Each structure stands twice: as C-alpha cells, then as structure tokens.
Colleague: 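Structure incoming, see below.
Since this is a predicted model, take the numbers as computed values, not measurements. Order of the sequence lines fixes the chain letters, A, B, ..., with proteins taken first and strands second; residue numbering starts at 1 for each chain.
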2 protein chains.
Amino acid sequence: MEKYYSKIKNSPLFCGITDEELEKMLKCFGGYVKKYEDGDMIIRQGETISKIYLILDGEVNVEKETYWGRRIIIQKLYANNNIGLALVASKNIEANINAMCVGHALILILNYEKCSTMCQNACMHHSILIRNLFKILSKENIELIEKIENISQKTIRDKLLTYLSNESQKHRTNIFEIPFNRQELADYLNIDRSAMSFELSKLKSEGLIDYKKNKFALKVEI
Amino acid sequence: MEKYYSKIKNSPLFCGITDEELEKMLKCFGGYVKKYEDGDMIIRQGETISKIYLILDGEVNVEKETYWGRRIIIQKLYANNNIGLALVASKNIEANINAMCVGHALILILNYEKCSTMCQNACMHHSILIRNLFKILSKENIELIEKIENISQKTIRDKLLTYLSNESQKHRTNIFEIPFNRQELADYLNIDRSAMSFELSKLKSEGLIDYKKNKFALKVEI
DNA sequence: TCCTCAATGTTGTAATTACAACAGAAATGT
DNA sequence: ACATTTCTGTTGTAATTACAACATTGAGGA
C-alpha cells in the first residue's frame with residue numbers, strides 16, 4: 001500500500017491534503033489497491049456502486065452495450081480519473097455503464113459511505129474530500145458535454161473535425177496524440193470504422209489534417 | 001424574496017435545511033431571484049460562470065450551436081434543476097453551452113464563492129450545501145450518459161425506441177408525456193424533424209407505439 | 001528472415017438520412 | 001368566425017452511411 005502513496009497524493013482527489021493526513025484518511029476510508037487485467041470489468045451495468053474507484057495507473061473504457069449488441073465507448077479514463085463517480089451519490093440507482101480495463105491497471109478503492117459521513121477525528125478531511133469530488137465530477141460533466149458535441153455533428157467529416165479540433169484545443173497544440181485506436185475512435189464517435197478510415201484519408205489528401213497512427217496534426221483552424 | 005421561500009426550500013439544493021437556517025443562508029450566499037422571458041439567454045457560450053442558477057419555475061434549454069449553425073439541445077431543465085452547475089467549480093473554464101429560457105422562468109441566483117468557502121456563522125450549512133451540490137451534479141451526469149445512449153443509436157427508429165423506452169422507465173409507466181415538441185425532440189436526438197415524424201408514423205402504424213401530441217404510449221417492452 | 005495476426009485502408013452496394021417542398025392540423029389573435 | 005401563423009405529417013430525391021469483402025501495412029514471435 002505504502003508504495004502507492006506518491007501516486008495517490010498527486011491525484012486531484014487528495015488535492016490539498018498533507019502526507020500525514022493522507023495515511024489517516026486512507027485507513028479511515030477503508031482504502032485498498034486492486035490490480036485489474038485486460039478485459040476485466042471494474043463496474044458492470046446493473047450493479048449498485050458504493051465505492052470510489054480512483055485509477056492510479058492504466059486505462060479504463062467506460063462503455064455501454066446497445067440493445068442490439070453494438071458497443072458505445074462513452075469515455076476513456078486514465079490515471080487520476082475516477083470511475084463511475086456519479087453513481088455513488090444515489091444508492092438506489094443501478095450503474096448504467098460498464099467500466100472495462102484496457103491492459104493492466106491499478107485502482108484505489110475507497111468506501112464512499114465512510115468518506116461522506118462525518119467522523120470525530122477527520123472532520124476537515126471529509127470536507128476537503130467532498131469539495132474535491134465535486135470538482136472532479138464537474139470536470140467529467142464538461143467532458144460528457146464535449147462528447148455530446150462531438151457525436152452530434154451531422155457527418156463523419158464534421159464529427160472528425162470537431163473531435164480533432166477539440167483535442168487540439170485541450171492539448172494547446174496542433175500536433176497531438178489521441179488515446180484511441182481506429183476501432184475505438186469509431187465506437188466513440190458512433191460511426192463505422194471503415195467509413196471513418198476513408199474520410200480520414202480524404203481529409204489527409206485534401207491537406208486539412210495529417211496523421212500517422214495515433215499522432216495527428218491539424219493544418220487549419222476550424 | 002420571501003414569497004419564493006416555499007419553492008426554494010423544497011429544492012434538492014436545500015434538502016436537509018430548516019426554515020430558519022434557509023433565511024440565513026440566502027443572505028449569506030447573496031441570493032436573489034431574477035425573472036427571465038422566452039428567448040432570454042441565462043448563460044452564454046464563452047462566459048465564465050461564478051453563480052449558481054437554481055430554476056424555481058419555468059423551463060430552460062441547455063443548447064449548443066455547431067460551427068455550421070445547427071442547434072443541439074443538450075438537455076431540458078425545469079424547476080429544482082440547476083443550470084451550468086459543472087461550470088462553477090473551475091473558475092478558468094469558459095461555458096461550453098448556452099442556456100436559453102423557454103417561456104417565463106424564475107431563477108434563484110447564488111454566489112458560489114460564498115457558498116463554497118467557509119464562514120464562521122454557517123459552517124454546517126456550507127457542508128450540507130456542498131453535499132447537495134454533489135448529489136445534484138451526479139444526477140445530471142447520469143442523465144448526460146443517458147442522452148449519449150439515446151443519440152448513439154444507429155437509426156432514427158432505434159433512437160426513438162431507446163428514448164421512449166428510457167422515458168417510460170423513468171415515469172414507471174407505459175403512458176407518459178414528453179417535454180419536447182417535435183422540432184425540439186429532433187434537435188435533442190440529432191435527427192431531421194421530418195424524417196423523425198415519418199418514422200413515428202410508421203411505428204404507430206406498426207402498433208409499437210401510440211401518441212397524440214406530446215402524450216406517448218409504448219405498446220411493447222423493448 | 002519469414003510467418004502470422006491484428007490493425008488500418010479501400011471499394012462497391014444497399015440502406016438510411018437530410019433536405020426541400022408542400023399539405024394538413026392545431027393554436028393564436030383579432 | 002375568420003385569418004394568420006406555427007406545428008406536424010408526407011413524399012421524392014440527392015447525399016451520406018453502414019456493411020461486407022478484400023487489400024495493405026506493421027508489429028511480434030518463431
């Protein structure tokens with residue numbers, strides 16, 4: 001457990017909390033670290049979630065399966081992100097997503113009940129933590145709206161240009177790497193992979209973008 | 001101001017707070033009520049948001065305009081909902097949405113800075129409020145994921161069936177009213193209105209659904 | 001080095017959609 | 001009651017997409 005302290009204390013979840021406090025809090029919240037492997041389900045659709053899952057290392061896809069069996073990638077999460085945080089506040093709500101591990105991952109698991117209810121020895125901690133949780137959830141909210149913007153574009157071309165332009169803005173540079181392979185990007189943008197590949201080629205040949213594997217360059221201001 | 005107290009105290013934002021406390025809090029948070037008319041913009045894309053907007057009465061559309069001029073309705077909000085709550089936690093982030101008033105609306109406006117920082121006389125209030133904010137944002141988050149599910153369906157038919165089936169589940173009945181007119185529903189589901197009308201007719205003639213104006217009935221379990 | 005397999009790119013076709021144009025219905029104001 | 005306007009439904013056509021089938025590329029292992 002101790003070997004993860006440096007990772008844990010750098011997460012936004014424990015922002016504003018000193019090293020000594022951290023140890024007390026982790027005990028108080030029943031914190032432990034669990035390893036997941038490629039394809040492991042961390043959260044399953046239909047489950048009730050009562051823990052906070054903080055990614056210390058690795059990559060997690062938040063997915064949903066349609067009634068007709070197609071996969072939707074809602075978001076991709078990395079170190080310092082929380083998984084299914086919104087589900088923890090309402091005990092009676094079932095998870096509406098799956099969280100699937102991509103490659104190896106280390107997840108810190110905390111008991112939300114213990115985090116959210118006051119106790120004598122750590123009143124201030126709880127207060128800081130809940131503020132941090134609110135901030136983290138806000139960020140996720142804004143990203144979900146951005147995803148809605150991306151997939152709400154009318155054509156494959158517009159979806160790609162909107163997505164790439166948003167990524168470019170986030171990276172603050174015209175050259176950047178995207179976290180998806182082609183199939184994942186297609187699942188994220190809700191389009192057919194091969195049709196997307198075709199449109200990417202077209203955009204490249206028109207000189208609007210350039211790319212090699214996951215490295216993209218935007219040639220124009222959208 | 002006093003005449004709105006009953007509405008305010010019934011909102012989830014002030015859940016768990018007594019009448020006497022409420023008055024103190026509203027003063028402490030610099031709360032006031034503002035009236036908006038049809039078409040008024042409550043939040044504009046690009047603004048920095050530092051206030052909490054609680055809808056006391058009326059209807060608000062959270063919208064986004066695409067680069068190409070088409071409207072996307074992200075969500076529709078009513079009494080007891082907060083507008084742009086996620087934007088308030090990160091001071092440096094510009095609003096990525098417009099919030100537009102539909103018809104008349106009454107909005108309670110609070111100063112978030114005063115809500116989120118401690119003061120001597122109301123420490124406990126702040127603590128309750130931030131918990132409530134977390135809960136509210138969680139709910140909104142879950143709804144955004146539901147919207148992503150709706151618009152991620154492949155065909156107009158699947159989008160309609162998924163949306164209607166989700167609405168039916170939320171209302172816990174097969175007969176329910178939807179909050180959108182046809183154009184708004186099309187903007188919400190990201191499809192063409194006339195194509196949607198056509199598909200609705202088809203679903204009705206096939207006996208899968210029935211509807212009259214905004215009242216819908218689902219005839220099958222999806 | 002060669003083989004294998006997974007990822008990516010390309011193409012043709014059938015299905016789906018957007019769009020425009022218009023018709024009918026319902027709501028609104030006078 | 002009538003006129004006007006807004007909302008909803010219908011239809012044909014051009015544009016876009018999904019899908020299947022196959023080609024190419026590239027990485028990793030034997």
Colleague: Look at the side chain of A:Thr162 and the backbone N and O of A:Lys159, then say whether any donor-acceptor pair between them is shorter than 3.5 Å.
Modeller: no
Colleague: Hey, what bend do you get for the helix from C:dT1-D:dA30 to C:dT30-D:dA1 if you fit axes on five pairs at each end, rounded to 10°?
Modeller: 50°
Colleague: According to ring pair (Phe, Tyr, Trp, His ring centres under 6.0 Å), who are the partners of B:Phe14, at least two apart in sequence or on a separate chain?
Modeller: none
Colleague: Is B:Asn190 touching bases, backbone alone, or none of the nucleic acid, heavy atoms closer than 4.0 Å?
Modeller: sugar-phosphate
Colleague: Can you check the B:Arg182 CZ to C:dG24 C1' distance for me, whole Å?
Modeller: 15 Å
Colleague: Does the side chain of A:Ser194 come under 3.5 Å of the side chain of A:Asp192 through a donor N or O and an acceptor N or O?
Modeller: yes
Colleague: When the side chains of residues 175-190 of chain B are checked against the rest of the protein, which donor-acceptor pairs come out under 3.5 Å, sequence neighbours left out?
Modeller:
{"residue": "B:Asn181", "atom": "OD1", "partner": "B:Gln183", "partner atom": "N", "Å": "3.1"}
{"residue": "B:Asn181", "atom": "OD1", "partner": "B:Glu184", "partner atom": "N", "Å": "2.8"}
{"residue": "B:Arg182", "atom": "NH1", "partner": "B:Lys213", "partner atom": "O", "Å": "3.2"}
{"residue": "B:Arg182", "atom": "NH2", "partner": "B:Lys213", "partner atom": "O", "Å": "3.0"}
{"residue": "B:Gln183", "atom": "NE2", "partner": "B:Asp187", "partner atom": "OD1", "Å": "3.2"}
{"residue": "B:Glu184", "atom": "OE1", "partner": "B:Asn181", "partner atom": "N", "Å": "3.2"}
{"residue": "B:Glu184", "atom": "OE2", "partner": "B:Asn61", "partner atom": "ND2", "Å": "3.4"}
{"residue": "B:Glu184", "atom": "OE2", "partner": "B:Lys76", "partner atom": "NZ", "Å": "3.2"}
{"residue": "B:Asp187", "atom": "OD2", "partner": "B:Arg71", "partner atom": "NE", "Å": "2.7"}
{"residue": "B:Asp187", "atom": "OD2", "partner": "B:Arg71", "partner atom": "NH2", "Å": "2.5"}
{"residue": "B:Asn190", "atom": "OD1", "partner": "B:Arg70", "partner atom": "NH1", "Å": "3.4"}
{"residue": "B:Asn190", "atom": "ND2", "partner": "A:Ser152", "partner atom": "OG", "Å": "2.8"}

Colleague: Starting from P on C:dT8, measure out to CG on A:Leu185 and report it in whole angstrom.
Modeller: 10 Å
Colleague: Can you list the residues that meet the side chain to side chain donor-acceptor pair (under 3.5 Å) rule with B:Glu146, with sequence neighbours excluded?
Modeller: B:Lys170
Colleague: Can you tell whether the side chains of B:Glu206 and B:Arg157 come within less than 4.0 Å, N to carboxylate O?
Modeller: yes
Colleague: As an exercise, state the distance from CG of A:Leu54 to CG of A:Asn81, rounded to the nearest 0.5 Å.
Modeller: 8.5 Å
Colleague: Could you say whether A:Lys213 or A:Arg70 is positioned toward the 5' end of DNA chain D, judged by the nucleotide with the nearest heavy atom to each?
Modeller: A:Arg70
Colleague: Mind running a 4.0 Å heavy-atom check of residues 191-200 of chain A against DNA chain D and sending the residues that fall below it, in number order?
Modeller: A:Ile191, A:Asp192, A:Ser194, A:Ala195
Colleague: Would you check if there is a donor-acceptor pair between the side chains of A:Asn150 and A:Asn166 at a distance under 3.5 Å?
Modeller: yes
Colleague: Working to the nearest 0.5 angstrom, can you tell me the gap between A:Asn96 CG and A:Gln45 CD?
Modeller: 7.0 Å
Colleague: Does anyone know the first and last nucleotide of DNA chain D in reach of chain B, 5' to 3', at under 4.0 angstrom to a heavy atom?
Modeller: D:dT8 to D:dC19
Colleague: Do B:Glu140 side-chain atoms and B:Ile136 backbone N/O form a donor-acceptor pair below 3.5 Å?
Modeller: no
Colleague: By nearest nucleotide on DNA chain C, pick out whichever of B:Thr155 and B:Lys212 is the more 5' one.
Modeller: B:Thr155
Colleague: What orientation do B:Phe216 and B:Tyr211 show, parallel under 30°, tilted 30 to 60°, or perpendicular over 60°?
Modeller: parallel
